[in-house]
Amino acid sequence: MRIYNSLLSAAKFRKVLDFGEREVAHWFPGHMAKGLKQMRASLRKVDCIIEIHDARISFFCFAEKSLDVRPHILVLNKMDLADTSKKQSILKQLEREGVRNVLFTDCLRQRDENVKKIVPLVTELIESGSRFHREEDRSYCLMVIGVPNVGKSSLINAIRRTYLKKGNASKVGGEPGITKAVLTKIQVCERPIIHLLDTPGVLPPRIENIETGMKLALCGTILDHLVGEDGIADYLLFSLNRLERFSYIEKYNLEEPCDDIQHVLKSIAVNLGKTKRVKAITGVGNITVQLPDYSAAAYNFIRAFRKGELGKVMLFKKDLLQDLKNID
């Protein structure tokens with residue numbers, strides 16, 4: 001593997017990314033407001049909330065305070081794609097922010113030991129608190145919430161496989177918006193009897209800032225066309241360079257780290273043989289030329305990240321990364 005002088009390379013990199021005229025307001029589809037309303041209305045029959053995040057953006061806040069009235073578990077899924085070298089520091093930082101009962105999972109793995117910890121933890125939390133009007137009901141009802149494409153359905157299927165030895169009950173996929181039905185009730189455990197309410201992925205109505213929105217988009221929780229694959233690819237390159245993760249160089253046969261997304265996409269297109277035919281007007285008439293397909297290159301670059309082919313990554317804010325180093 002090639003070794004790069006990251007200090008020399010970092011001097012060439014952008015310190016701040018210009019997001020242009022992008023706005024996050026239009027990234028919240030109208031049907032999500034309906035989903036949130038139905039979730040709030042169902043809280044009376046819920047004993048515990050399981051909130052799922054993509055472990056690569058573990059500090060993203062769902063920020064739906066009305067759902068915090070029940071015992072709460074935070075599941076950081078897709079840990080196989082995340083850099084967990086600072087796992088203990090992350091847990092300490094989350095605890096400082098008032099977030100406890102945190103589990104890292106990889107729900108696509110057939111036997112994830114951390115999935116087995118969820119039911120005992122849920123049972124302990126429910127039995128140690130008041131269930132109000134549900135006190136006489138010996139079955140438990142949990143609501144699974146989170147932004148799109150973080151693995152809510154995969155978690156439900158993993159718990160169901162573990163405790164009922166049954167196959168998938170909830171459809172999964174690699175794009176946001178697979179689960180569309182609101183509050184589908186699925187039994188996942190017999191002793192105790194536990195049902196999970198599978199909910200569609202819902203974004204908070206207000207995403208705190210454009211960079212948080214780009215993190216969500218990069219991890220596939222927002223449909224690519226709403227943000228633009230060119231912008232997502234540029235943010236990916238910016239993030240990899242800032243984190244000094246240079247595996248993209250060998251993967252796409254670049255000579256050195258690069259901070260110019262157009263140059264990187266051109267190199268990817270050439271490396272993969274991705275071209276498109278374009279008509280050009282010349283002094284002797286129209287001709288057809290082959291040009292690098294930048295859109296196809298951006299598509300490949302983004303999906304390589306989402307599949308973990310560019311290394312394990314945690315998408316921290318720069319100041320938070322420093323805080324974690326201080327905790328260490």
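Computed from a predicted structure; not experimentally measured.
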Quiz item: Do Asp106 side-chain atoms and Met79 backbone N/O form a donor-acceptor pair below 3.5 Å?
Solution: no

Quiz item: Is there a side-chain contact between Glu124 and Asn101 (heavy atoms, below 4.5 Å)?
Solution: no

Quiz item: At their closest point, which heavy atom of Cys258 faces which heavy atom of Tyr248, and how far apart are they?
Solution: N-OH, 3.0 Å

Quiz prompt | Asp83: side-chain hydrogen bond (donor to acceptor under 3.5 Å, both in side chains) partners, not counting sequence neighbours | solution = Ser85, Arg245

Quiz item: Does one hydrophobic cluster hold both Val188 and Leu125, with members joined at side-chain heavy-atom distances below 4.5 Å?
Solution: yes

Quiz item: Got a second to check how far Ile222's CD1 is from Lys215's NZ, nearest 0.5 Å?
Solution: 12.0 Å

Quiz prompt | Set of salt bridge (Lys or Arg N to Asp or Glu O under 4.0 Å) partners for Glu190, sequence neighbours left out | solution = none

Exercise. For Gln262, enumerate each residue passing the side-chain contact (heavy atoms from CB on, under 4.5 Å) test, keeping only those at least two apart in sequence or located in another chain.
Key: Asp260, Tyr294

Practice problem: Given salt bridge (charged side-chain N to carboxylate O under 4.0 Å, His left out), test Asp54 with Arg306 step by step and report yes or no. | Solution: CA-CA 11 Å; Asp54 189 312; Arg306 290 175 182 168; over 6 Å; no

Quiz item: Of all residues at least two apart in sequence or in a different chain, which pass the side-chain hydrogen bond (donor to acceptor under 3.5 Å, both in side chains) check with Lys117?
Solution: Asn114

Quiz item: So how far is it from Arg109 CZ to Ser154 OG, rounded to the nearest 0.5 Å?
Solution: 14.0 Å

Practice problem: Measure across Glu211 and Tyr235 and return the closest heavy-atom pair with its distance rounded to 0.1 Å. | Solution: OE2-OH, 3.0 Å

Quiz item: Stepwise, does the side-chain contact (heavy atoms from CB on, under 4.5 Å) test hold for Cys141 with Leu197?
Solution: CA-CA 7 Å; Cys141 184; Leu197 295 179; 3.8 Å; yes

Quiz prompt | Any residue meeting side-chain hydrogen bond (donor to acceptor under 3.5 Å, both in side chains) with Thr105, in chain and number order, not counting sequence neighbours | solution = Asn77

Quiz item: Okay, side chain of Glu127, backbone of Gly129: is any donor-acceptor separation there less than 3.5 Å?
Solution: no

Practice problem: Write down the atom of Ile90, the atom of Ser58, and the distance for their closest heavy-atom approach. | Solution: CG2-OG, 3.9 Å

Quiz item: Between Ile145, Asn149, Val150, which is the residue that forms a side-chain contact (heavy atoms from CB on, under 4.5 Å) with Val147?
Solution: Val150

Quiz item: For Thr212 and Asn209, does a side-chain donor sit closer than 3.5 Å to a side-chain acceptor?
Solution: yes

Exercise. Give the cluster check for Val202 versus Ile57: same hydrophobic cluster or not, with ILVMFWY residues linked at side-chain heavy-atom distances below 4.5 Å.
Key: yes

Practice problem: May I ask you to check whether over 12 heavy atoms, not counting those of Lys251, lie within 6.0 Å of atom NZ? | Solution: yes

Exercise. For Ile302 and Ala233, work out which heavy atoms get closest and say how close.
Key: CD1-N, 4.0 Å

Self-check item: Minimal non-hydrogen separation, Gly151 against Ile52, with atom names
Solution: O-CD1, 4.0 Å

Quiz item: For the residue pair Asp47 and Ser139, what are the closest heavy atoms and their distance?
Solution: OD2-O, 4.0 Å

Quiz item: Quick one: are Leu265 and Pro292 in side-chain contact, heavy atoms under 4.5 Å?
Solution: no

Practice problem: Using a 4.5 Å cut-off on heavy atoms from C-beta on, say whether the side chain of Thr199 contacts that of Met143. | Solution: yes

Quiz item: Given side chains that start at C-beta, do those of Pro257 and Ile249 come closer than 4.5 Å, heavy atoms only?
Solution: yes

Quiz item: Where do Lys92 and Glu95 land on the salt bridge (charged side-chain N to carboxylate O under 4.0 Å, His left out) test, with the steps shown first?
Solution: CA-CA 5 Å; Lys92 289 177 184 177; Glu95 188 170 0; over 6 Å; no

Quiz item: Say you draw a straight line from NZ of Lys78 to NZ of Lys312; how long is it, rounded to the nearest 0.5 Å?
Solution: 14.5 Å

Quiz item: Out of curiosity, Ile50 CD1 to Ile118 CD1, how far, rounded to the nearest 0.5 Å?
Solution: 5.5 Å

Quiz item: Do the rings of Phe246 and Phe13 sit parallel, tilted or perpendicular, given the 30° and 60° boundaries?
Solution: tilted

Self-check item: Side chains of Leu108 and Asp80 in contact at under 4.5 Å (non-hydrogen atoms)
Solution: no

Self-check item: Same apolar cluster: Ile193 and Val46, side chain cutoff 4.5 Å
Solution: no

Self-check item: Pairwise distance NZ(Lys116) to OG1(Thr162) - rounded to 0.5 angstrom
Solution: 6.5 Å

Quiz item: Hey, are the side chains of Glu51 and Val99 touching, using non-hydrogen atoms and a 4.5 Å cut-off?
Solution: no

Quiz prompt | Single-linkage hydrophobic cluster, 4.5 Å side-chain cutoff, Leu243 and Leu81 together | solution = no

Self-check item: Gap separating the CG atom of Leu17 from the CG atom of Asn241, nearest 0.5 angstrom
Solution: 11.0 Å

Practice problem: Check whether any side-chain heavy atom of Arg277 lies under 4.5 Å from a side-chain heavy atom of Gln290, and answer yes or no. | Solution: yes

Quiz item: What about Phe238 and Ile210, same hydrophobic cluster or not, with Ile/Leu/Val/Met/Phe/Trp/Tyr joined at side-chain heavy-atom distances under 4.5 Å?
Solution: yes

Quiz item: Got Val313 and Ser239 here, is their nearest side-chain heavy-atom distance under 4.5 Å?
Solution: no

Quiz prompt | Lys266: side-chain hydrogen bond (donor to acceptor under 3.5 Å, both in side chains) partners, not counting sequence neighbours | solution = none

Quiz item: Between Tyr252 and Phe301, what is the ring plane arrangement, given parallel below 30°, perpendicular above 60°, and tilted in between?
Solution: perpendicular

Quiz item: Going by distance alone, is a donor N or O of one side chain under 3.5 Å from an acceptor N or O of the other, for Ser153 and Asp198?
Solution: yes

